[in-house]
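Heavy atoms only: backbone and side chains are in, while hydrogens, waters and symmetry mates are out.
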Amino acid sequence: MVLACCWHVETSGQETPPNVVIIFIDDMGYADIGPFGDTGYPTPNLDRMAAEGRKFTDFCVSSAVCSASRSALMTGCYHKRIGISGALGPKSNIGLNSNETTIAELCRSKGYRTAIYGKWHLGHHPKFLPTNHGFDEYYGIPYSNDMWPLHPATVAKRRIDPDAPSNWAELPMIKDTQIVIDSIQPADQEQMTKQFTERAVEFIRRDSEKPFFLYLPHPMVHVPLFVSDDFRGKSGRGLFGDVVMEVDWSVGQILNAIEDIGVERNTLVVFTSDNGPWLSYGTHAGKATPLREGKGTMFEGGYREPTLMWWKGKIPAGTTCDTFASTIDLLPTIAALADAELPDHKIDGHDIRPLMFGHSDAKTPHDSFACFYKGELEAVRNERFKLVFPHKYRTLNGHPGGTGGLPIAYQNKMAKRALYDLDNDIGETTDVSAEFPDVVAELEAAAAKYRNEMGDKLTQTKGTEIRPAGKLEPGDETLPLVW
C-alpha cells in the first residue's frame with residue numbers, strides 16, 4: 001500500500017450518516033482511463049477523482065461476467081454462494097433471491113433515499129427488479145444492451161440473409177417495475193449515458209436533508225457502443241474513446257452535483273467496473289494492460305478493475321492503495337459507515353474502512369479469495385500469490401480482435417496448474433510453485449474449504465453452504481417482453 005499516515009478511521013454512530021454513490025461501468029478494462037495509464041483520450045473528471053481521492057490498484061470483482069459480478073456487489077457475497085452465475089437474459093426465470101440483503105436495503109433501514117439508474121441484470125421479472133430489493137426508484141434496462149434484436153450475431157447473419165430471425169426479444173426500458181419503452185432503438189441507446197446521469201443528478205439534488213444511496217450502473221462501455229452527439233468523434237480515438245469520454249463526463253456531473261449541494265465532505269463515491277474488457281470486439285473493446293486476458297476469464301485482466309474512491313476530507317487525496325480488496329467488501333463497509341446491521345446470513349466481504357481512509361497499518365482483510373467462473377473454482381489467491389488450477393479458458397492468443405462492432409472467435413486453451421507472484425509478475429507469466437511450496441499448500445487448503453462450501457464443477461464437488469437464486473413461481477407476475 002502506497003501511503004504511511006495517521007488518518008483517523010471513522011466509526012459508526014455519526015450524527016449524519018454519509019451518502020454513498022457507486023458508479024459501476026460495464027466491461028471497462030484495467031487500463032481504460034487516465035489514472036490507470038490510458039493516454040489516448042482525456043478523462044479529466046476521473047483524473048480529478050484520483051487526484052482528490054484514492055486509486056485502488058488491486059480491487060477485484062467476484063467473477064468476470066455481468067450478473068455474477070453484480071450479485072456479489074449488491075450482497076457482499078460470492079456470487080456462487082447465492083446461486084447467480086453467468087449473464088441472465090430475457091429467457092431467464094431466476095434472479096436475486098428476496099432472502100438476500102442488498103446495499104440498498106441496508107441503507108433504507110437507516111432512513112436513506114435509494115435509487116438506481118442504468119443496468120440491473122439480476123432478474124427482469126418484477127419480483128426480481130430493484131424496487132423489490134431496497135431501491136425506492138429504478139429507471140433503466142434489465143440486462144445487457146446487446147440483448148436485443150440487433151445483437152452482433154444477428155447483424156452478422158443479416159449481412160448474409162437480410163430476413164434472418166433474431167434470437168432476442170426487444171430491449172425494454174423499465175421504470176420501477178413497468179415497461180415505459182418496449183423497444184429501445186439505437187437512437188435511445190445514444191442517449192442512455194446522458195439520461196441516466198441526468199436522473200442521477202436530479203436525485204442527488206432532490207432532498208439534500210436526507211442521506212442517499214445512489215447506484216449508477218452504466219450500460220456502457222459494453223458493446224454495442226453508443227454515444228450522444230455531444231461526444232461523437234471528440235476523442236480522436238474512435239467510438240470507444242468517445243464513449244469513455246462521455247462516461248467521464250457523467251462522473252464529473254455527479255461530483256459537481258455533490259459539491260453544489262455542499263455534501264462533498266459527507267459523501268463516498270466509488271467508481272469501478274463489473275469485469276474486464278470484452279477483447280474479442282477489438283476496436284470496440286478496452287484493454288487490460290499489463291494484466292493477462294480479459295472478460296470471461298479469471299486471469300487478472302478479467303476480474304481486477306480500475307477503481308477510484310472519493311470522499312473529501314476523509315479519503316486522503318492523491319494516494320494509491322495497492323492492497324487487495326473487492327466489491328464484496330462494499331456492503332459491510334457501507335453498513336459500518338451507516339451504522340446499519342449486517343444480515344443474519346453469511347456474507348464474504350469485510351469492512352475496508354482502514355484501506356479507504358489510508359490507515360498506516362491497514363492490511364487486506366482477506367486471507368484468501370476464491371476466483372469462481374461459471375461454477376468452476378479456477379484459482380485462489382491471497383495478497384501476493386495466486387494459485388491457478390487446470391481449466392479451459394478463452395483467449396485471442398495474440399490476435400487483435402474484431403472491428404466495426406463485430407467480434408472475432410476466441411480460441412480455447414488449457415490453463416496449467418501454476419502459482420503466480422502477483423507482486424512481481426502482474427501479467428501471470430511465470431510459475432513459481434517450485435519456489436514456494438508452503439504457499440501452494442496454504443492456497444490448496446483454502447481451495448478445499450471453498451469447494452466444500454460452494455462447490456466446484458472442475459472437481460465435481462457439491463457445496464454445503466449454497467443459497468438458491470430466486471425463482472419465478474406459478475402465479476408470479478412476468479415482464480411482458482416483445483418477441
Side-chain angles (χ1 to χ4, degrees), residues 17-26 28 32-36 42-56 59 70 73-74 103-104 107 112-120 130 135-140 191-221 227-228 230-231 243-274 305-315 317 327 330 333-334 337-338 356:
N19 309 305
V20 177
V21 178
I22 298 177
I23 304 171
F24 210 51
I25 310 304
D26 201 336
M28 178 164 272
D32 284 346
I33 59 176
F36 282 79
T43 55
N45 296 294
L46 289 163
D47 294 347
R48 170 194 167 192
M49 195 173 171
E52 297 177 354
R54 189 148 223 232
K55 181 170 73 170
F56 288 74
F59 196 85
R70 291 159 197 271
L73 167 70
M74 280 289 102
I103 296 174
C107 288
Y112 279 63
R113 298 183 295 123
T114 59
I116 165 178
Y117 307 106
K119 169 182 161 180
W120 176 236
F135 288 96
D136 297 331
E137 53 191 83
Y138 166 50
Y139 186 86
Q191 299 302 314
M192 285 199 299
T193 299
K194 180 176 287 187
Q195 289 183 353
F196 296 148
T197 302
E198 289 170 347
R199 286 176 178 267
V201 167
E202 189 278 329
F203 174 78
I204 290 171
R205 295 179 184 276
R206 189 186 307 161
D207 182 5
S208 60
E209 298 302 314
K210 195 173 183 181
F212 61 81
F213 169 55
L214 169 63
Y215 179 38
L216 183 56
H218 280 298
M220 297 292 116
V221 296
V227 70
S228 72
D230 290 345
F231 291 90
V243 170
V244 175
M245 283 184 64
E246 188 159 42
V247 166
D248 178 80
W249 165 85
S250 173
V251 171
Q253 294 296 296
I254 298 302
L255 299 183
N256 291 344
I258 290 167
E259 291 186 329
D260 286 348
I261 65 171
V263 295
E264 67 274 11
R265 293 187 175 272
N266 198 39
T267 302
L268 167 66
V269 180
V270 178
F271 176 95
T272 190
S273 176
D274 67 338
E305 305 307 322
T307 301
L308 302 168
M309 298 191 192
W310 179 93
W311 181 351
K312 284 197 171 180
K314 294 292 194 299
I315 290 178
T327 51
L330 292 178
T333 302
I334 292 167
L337 291 168
M356 287 172 47

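Within the 4.5 Å cutoff, the side chain of D26 has heavy atoms near those of the K119 side chain. Taking 4.5 Å as the limit, some side-chain heavy atom of V244 sits within range of a side-chain heavy atom of V221. Taking the side chain as every heavy atom from C-beta outward, P18 and L337 approach each other to under 4.5 Å. With a 4.5 Å cut-off on side-chain heavy atoms, L330 and M309 count as touching. A 4.5 Å side-chain heavy-atom check between I25 and V247 finds at least one atom pair inside the cut-off. Contact check for F24 versus D274: side-chain heavy atoms found under the 4.5 Å cut-off.
The distance from the CZ atom of R48 to the CG atom of L255 is 5.0 Å, given to the nearest 0.5 Å. One distance of note links CE of M49 with CZ of R54; it measures 13.5 Å at 0.5 Å rounding. Here the CZ-CZ distance, from F203 to R206, works out to 6.5 Å after rounding to the nearest 0.5 Å. In this structure, I258 CD1 and K312 NZ are separated by 10.5 Å, a value rounded to the nearest 0.5 Å. Here the CG-CD1 distance, from L214 to I254, works out to 5.5 Å after rounding to the nearest 0.5 Å.
Side chain of S273 to main chain of M28: a donor-acceptor pair is present (N/O by atom type, distance under 3.5 Å, no hydrogens or angles). In this structure, the side chain of Y215 does not engage the main chain of G118 through any donor-acceptor pair within 3.5 Å. At distances below 3.5 Å, not a single donor-acceptor pair connects side-chain atoms of E246 with backbone N or O atoms of T193. Checked by atom type and distance alone, the side chain of W310 never pairs as donor or acceptor with a backbone atom of V270 at under 3.5 Å. Looking only at distances, no side-chain donor or acceptor of N45 sits under 3.5 Å from a matching main-chain atom of V251. A donor-acceptor pair is defined here as one N or O able to donate and one able to accept, closer than 3.5 Å; no such pair exists between the side chain of T43 and the backbone of D248.
The side-chain contact (heavy atoms from CB on, under 4.5 Å) test with I204 singles out one residue from N256, T267, I261, V263, and that residue is I261.
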query = Can I23 and S250 be said to form a side-chain contact (heavy atoms from CB on, under 4.5 Å), step by step?
reply = CA-CA 9 Å; I23 304 171; S250 173; 5.7 Å; no
message = Assess the residue pair L308 and L46 against the criterion (side-chain contact (heavy atoms from CB on, under 4.5 Å)); give the C-alpha distance rounded to whole Å, side-chain angles, the decisive distance to 0.1 Å, and a yes or no.
response = CA-CA 8 Å; L308 302 168; L46 289 163; 3.8 Å; yes
request  = Show your reasoning for whether salt bridge (Lys or Arg N to Asp or Glu O under 4.0 Å) applies to E259 and R265.
outcome  = CA-CA 9 Å; E259 291 186 329; R265 293 187 175 272; over 6 Å; no
task = Test side-chain contact (heavy atoms from CB on, under 4.5 Å) on F196 and L216 and set out the steps.
result = CA-CA 8 Å; F196 296 148; L216 183 56; 4.0 Å; yes
task = Please step through side-chain contact (heavy atoms from CB on, under 4.5 Å) for the pair F59 and T327, ending with a clear verdict.
result = CA-CA 7 Å; F59 196 85; T327 51; 3.6 Å; yes
message = For a side-chain hydrogen bond (donor to acceptor under 3.5 Å, both in side chains) check, start with the C-alpha distance between Q195 and Y117, then their side-chain angles and the critical distance, and finish with the verdict.
response = CA-CA 9 Å; Q195 289 183 353; Y117 307 106; over 6 Å; no
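Annotation for T197 and H218: closest pair OG1-CE1, 3.5 Å, computed over non-hydrogen atoms. When all heavy atoms are compared, the tightest approach of V201 to A257 is CG1-CB, 4.0 Å. Here the closest non-hydrogen pair linking P211 and N19 is CA-OD1, 3.2 Å. Nearest heavy atom pair, residue I103 against residue L73, reads CD1-O, 3.4 Å. Heavy atoms only, all atoms of each residue included: F213 and Y112 are closest at N-CD2, 3.7 Å.
Among residues two or more places apart in sequence or in another chain, the salt bridge (charged side-chain N to carboxylate O under 4.0 Å, His left out) test is passed with D260 by R205. With sequence neighbours excluded, no residue forms a ring pair (Phe, Tyr, Trp, His ring centres under 6.0 Å) with F271. Among residues two or more places apart in sequence or in another chain, the salt bridge (charged side-chain N to carboxylate O under 4.0 Å, His left out) test is passed with D136 by R108.
In this structure, W120 and F135 have perpendicular ring planes: the angle between them is above 60°, well past the 30° mark. W249 and F231 have tilted rings, their planes meeting at an angle from 30° to 60° on a 0 to 90° scale.
Between K194 and E198 there is no salt bridge, since none of the side-chain N atoms of the basic residue sits less than 4.0 Å from a carboxylate O of the acidic one. Using a cutoff of 4.0 Å between basic side-chain nitrogens and carboxylate oxygens, R113 and E209 are not scored as salt-bridged. Of the charged side-chain nitrogens involved, none lies within less than 4.0 Å of a carboxylate oxygen, so that D47 and K55 do not count as a salt-bridged pair.
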